[in-house]
Amino acid sequence: PGDRGRAQRLAVTVLRHVEQADRVLSPHLRRAPPRTVQNVLRLAVVELAVEQAAAHGVVNAAVDLVRHGRKTGHLAGLVNAVLRKIADLPDPFAGMAPQKLPMWLRQPLVRAWGREAVAAMEAVQSLPPPLDLTLKPGATAPDGADPLPTGSLRLAEPGQVTALPGYAAGDWWVQDAAAALPARLLDPQPGERVLDMCAAPGGKTMQMAAAGARVTALDISGPRMVRLSDNLARTGLPASLVVADALAWDAPEPFDAVLLDAPCSASGTIRRHPDLPFVKDGSDLPALTALQSALIDRALNLLKPGGRLVFCTCSV
């Protein structure tokens, strides 16, 4: 787990700083190297500039990776020469702006929020995210967890999540502070029948169950619902699980409240998922907004007259 966690941390850190790494590398490369070599160079530059790792170890590890590749061994000398020059720089990323969002996402955000706000988003997205927790009522928070005004807890130095006190006992679950707001806004009451549409992996389901509501968790994905079931078992919280298409599923009776966390572009989660700008191109947005509209209509049909509906997405 330790090696896996470090590998994932390095990978996502590189994704947050690809633009800066390429800018640092560009003066030292007459033409772009093969993709594998390019990514080794990016990884090494980010380790030097962001992780501030020891130059000797970083350079040697990068050269070793390239030397043992079947198609890259002849470029080991190039990697060694380039990285030794960059290692001599006091701060390779000095004076560089944070990595920009891709144009398909940046342009509509600038139109909606303005350049200054988008630049601030990009600055935040370049930073590693904190770890936010939702505490089960009556449970004890892990040491070092700071309370936020919204009711969540924040760990600035989380370490391995499964090793933290209270994890195995189900005292809390990982849930970004923003993701915990919709269930608090819905304000489920003890005994109310509440539907969590598009529920997996279950953070909001657990919030509402912990408040004493009778929760039905609905999601179209069987594998994701297995994870929700595991989370409920760990925390000892009850909910009825339904694997079905929300647009086709019928409830035996209407609900007092519905929480709809609809499928979206997830553009608000880039700080935690810096791969998103690279794997999406915006072509799915028209279909997503049409699906959201249909899901809102469906949610209203599943609600009692005078009931409460909260619609939320993790996009900006």
Side-chain angles (χ1 to χ4, degrees), residues 3 5-66 72 75-107 109-110 113-131 154-159 266-280 316:
D3 287 343
R6 179 171 180 270
Q8 183 172 347
R9 189 187 77 247
L10 286 174
V12 297
T13 303
V14 173
L15 288 170
R16 289 191 185 99
H17 298 282
V18 168
E19 187 178 302
Q20 292 100 321
D22 287 350
R23 213 177 301 166
V24 169
L25 288 165
S26 179
H28 305 286
L29 299 169
R30 270 184 262 176
R31 61 171 180 258
R35 179 57 62 88
T36 300
V37 175
Q38 185 181 28
N39 283 334
V40 169
L41 286 167
R42 286 166 164 171
L43 172 60
V45 169
V46 168
E47 283 194 275
L48 292 168
V50 180
E51 302 272 314
Q52 297 184 331
H56 178 75
V58 170
V59 174
N60 284 353
V63 170
D64 197 50
L65 280 171
V66 173
T72 60
L75 293 170
L78 170 71
V79 168
N80 182 64
V82 168
L83 291 180
R84 287 192 181 281
K85 289 178 183 176
I86 293 171
D88 287 337
L89 299 174
D91 182 358
F93 290 174
M96 290 189 185
Q99 181 164 287
K100 283 185 168 58
L101 290 166
M103 291 311 294
W104 70 265
L105 181 54
R106 195 174 204 275
Q107 282 181 333
L109 290 180
V110 168
W113 301 101
R115 294 187 184 280
E116 189 175 332
V118 173
M121 292 179 198
E122 290 166 338
V124 170
Q125 288 165 353
S126 70
L127 303 172
L131 185 74
R154 174 158 291 176
L155 283 168
E157 300 290 337
S267 58
T269 70
I270 290 173
R271 185 177 182 183
R272 191 167 297 285
H273 302 287
D275 56 305
L276 284 174
F278 298 96
V279 299
K280 296 192 176 190
V316 290

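Positions are given from 1, in the same order as the sequence printed here. All heavy atoms count here, side chains included; hydrogens, waters and symmetry mates do not.
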A side-chain contact here means heavy atoms from C-beta on lying under 4.5 Å apart; do Val79 and Pro33 qualify?
no
One should read off an interatomic distance between Leu65 CG and Leu43 CG, to the nearest 0.5 angstrom, of 7.5 Å
How many angstroms lie between atom CG of Leu105 and atom NZ of Lys280, to the nearest 0.5 angstrom?
10.0 Å
Are side-chain N/O atoms of Arg84 and Asn80 paired as donor and acceptor at under 3.5 Å?
yes
If you take all heavy atoms of Ala123 and Pro98, which pair is closest and at what distance?
CA-CG, 3.7 Å
Enter the distance from Leu25:CG to Ile86:CD1 here, rounded to the nearest 0.5 Å.
4.5 Å
Find the distance between CG (Leu48) and CG (Asp91) and round it off to the nearest 0.5 Å.
11.0 Å
Does CZ belonging to Arg9 count more than 12 external heavy atoms closer than 6.0 Å?
yes
Quick one: does any side-chain atom of Gln99 pair with a main-chain N or O of Leu15 as donor and acceptor, under 3.5 Å?
yes
For Val58 and Ala53, which heavy atoms make the closest approach, and how far apart are they?
CG2-CB, 3.6 Å
Could you tell me whether the side chain of Ile270 reaches within less than 4.5 Å of the side chain of Pro277, counting heavy atoms only?
yes
Under 3.5 Å: donor-acceptor pair, side chain of Arg271, backbone of Ser126:
no
Using only atom types and a distance under 3.5 Å, with no angle test, would you say the side chain of Trp113 pairs donor to acceptor with the backbone of Met121?
no
Taking the side chain as everything from C-beta on, heavy atoms only, tell me whether Thr72 gets closer than 4.5 Å to Val40.
no
Is the backbone N or O of Leu101 less than 3.5 Å from a side-chain atom of Glu122, with the two atoms forming a donor-acceptor pair by type?
yes
Quick check on side-chain contact (heavy atoms from CB on, under 4.5 Å): which of Val50, Val45, Val24 does His17 satisfy it with?
Val50
Ignoring hydrogens and geometry, is there a side-chain-to-backbone donor-acceptor pair from Gln38 to Ala32 under 3.5 Å?
no
Closest non-hydrogen atom pair between Leu75 and Pro34, with its separation
CD1-CD, 3.6 Å
How many angstroms lie between CG in Asp275 and CZ in Arg16, if you round to the nearest 0.5 Å?
10.0 Å
Can you find a heavy atom in the side chain of Lys100 that is under 4.5 Å from one in the side chain of Gln125?
no
4.5 Å side-chain heavy-atom contact, Leu83 and Leu41:
yes
Using modelled atom types only, decide if a donor and an acceptor are shared between the side chain of Ser26 and the backbone of Arg23 within a distance under 3.5 Å.
no
